[in-house]
Amino acid sequence: MKSVPSSKPAPAVQTSDVCRYYPMGGGIIRAVDGISLTIERGEFVALLGQSGSGKSTLLNLLAGLDRPSSGSVLVRGRDLAKMSSEELAAYRRNDVGMVFQAFHLIPSMTITENVELPMRFAEVDRAERGQRVRESLEQVGLGKRLEHRPSELSGGEQQRVSLARALANRPSLLLADEPTGNLDSRTGEEILKLIRDLSLSLGMTVVMVTHERALAERFAQRLVFLADGKLLSQEALA
Ligand code: ADP
Ligand code: MG
């Protein structure tokens with residue numbers, strides 16, 4: 001994998017005129033329609049826009065879960081389109097952490113086992129895994145709940161576990177799709193504060209989809225507004 005030659009490190013994310021179209025009936029849905037966006041390393045960006053504006057589609061393109069119809073997505077200078085499916089799988093495993101509105105924890109597994117799962121896929125040593133599970137769960141304030149199951153935890157705690165799982169392989173990029181969507185406002189705020197603090201302490205880039213502008217304004221460094229698959233406007237916050 002080559003990086004783009006430059007004196008400055010390549011940005012965390014750089015999309016150029018990226019499009020994702022879906023054929024639909026006789027027509028076509030332009031879910032993402034020509035978005036060019038640069039996100040610096042360590043930046044915390046919020047993607048805002050109405051339902052159907054293309055936020056999740058854009059996030060999935062950054063995650064390498066989906067491929068663009070045209071245009072490009074560069075992550076730290078690496079063009080996702082030029083990766084083989086093995087390279088893309090390794091990218092998803094090692095470089096990206098994801099958090100969703102529904103926490104997607106496995107109910108029959110303990111918290112420890114849930115957080116350990118991505119490390120097993122990444123073939124991290126057993127001894128190292130135990131250490132990292134504890135570290136990740138401590139980072140989200142759940143170091144004492146290792147043997148509990150998801151159903152024994154509150155919604156906010158379950159989202160913390162899913163965050164710990166996302167951190168397990170030490171990603172440089174955290175992608176969060178409506179992470180506060182299932183939480184009451186106080187708990188949502190706590191989760192975003194945690195994500196922001198982790199971003200600052202780990203130097204991790206965060207791209208978060210939300211429709212809660214007030215929350216985004218409190219925690220993100222930049223707001224990016226989408227409408228109809230296009231970038232409508234941006235706002236840098238102090
Ligand atoms: P948002 O996350 O902003 O609510 P999405 O990115 O989920 O929006 O969707 C953007 C548009 O693309 C919507 O019109 C949606 O119906 C459409 N879309 C998303 N995924 C698919 C798909 N797999 N097949 C067809 N249309 C899709
Ligand atoms: Mg969405």
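Both counts, for ligands and for their atoms, begin at 1 and track the order of listing. Sequence positions, counted from 1, serve as the residue numbers for this chain.
- Distance check: Ser136 OG to Arg129 CZ gives 13.0 Å after rounding to the nearest 0.5 Å.
- Using a 4.0 Å cutoff on heavy atoms, Gly49 does not count as a contact of ligand 1.
- Under the 4.5 Å side-chain criterion, counting only non-hydrogen atoms from C-beta, Val18 is not in contact with Ser16.
- For residues 105-136, no residue pair satisfies the ring pair (Phe, Tyr, Trp, His ring centres under 6.0 Å) rule, not counting sequence neighbours.
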| Stepwise, does the side-chain contact (heavy atoms from CB on, under 4.5 Å) test hold for Asp17 with Ile35? | CA-CA 5 Å; Asp17 206 17; Ile35 291 185; over 6 Å; no
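- For atom 16 (O) of ligand 1, the protein comes within 4.0 Å by no heavy atom at all.
- Residue Gln50 approaches ligand 1 through these ligand atoms, each under 4.0 Å from one of its heavy atoms: 3 (O).
- When the heavy-atom distances from atom 12 (O) of ligand 1 to Ser56, Pro23, Ala31 are ranked, the shortest goes to Ala31.
- Proximity of atom 21 (C) of ligand 1 to the protein is indicated by at least one non-hydrogen atom lying closer than 4.0 angstrom.
- Of the N and O atoms on the side chains of Thr210 and Glu178, not one donor lies less than 3.5 Å from an acceptor on the other residue.
- Residues in residues 209-238 take part in no ring pair (Phe, Tyr, Trp, His ring centres under 6.0 Å) pair, two or more places apart or across chains.
- Sorted by chain and number, the protein atoms of type N, O or S within less than 2.8 Å of the Mg ion (ligand 2) are Ser56 OG.
- Applying the ring pair (Phe, Tyr, Trp, His ring centres under 6.0 Å) definition to pairs two or more places apart or across chains, those involving residues 57-112 are Phe100-His104.
- A side-chain donor-acceptor contact under 3.5 Å links Asp177 and Ser56.
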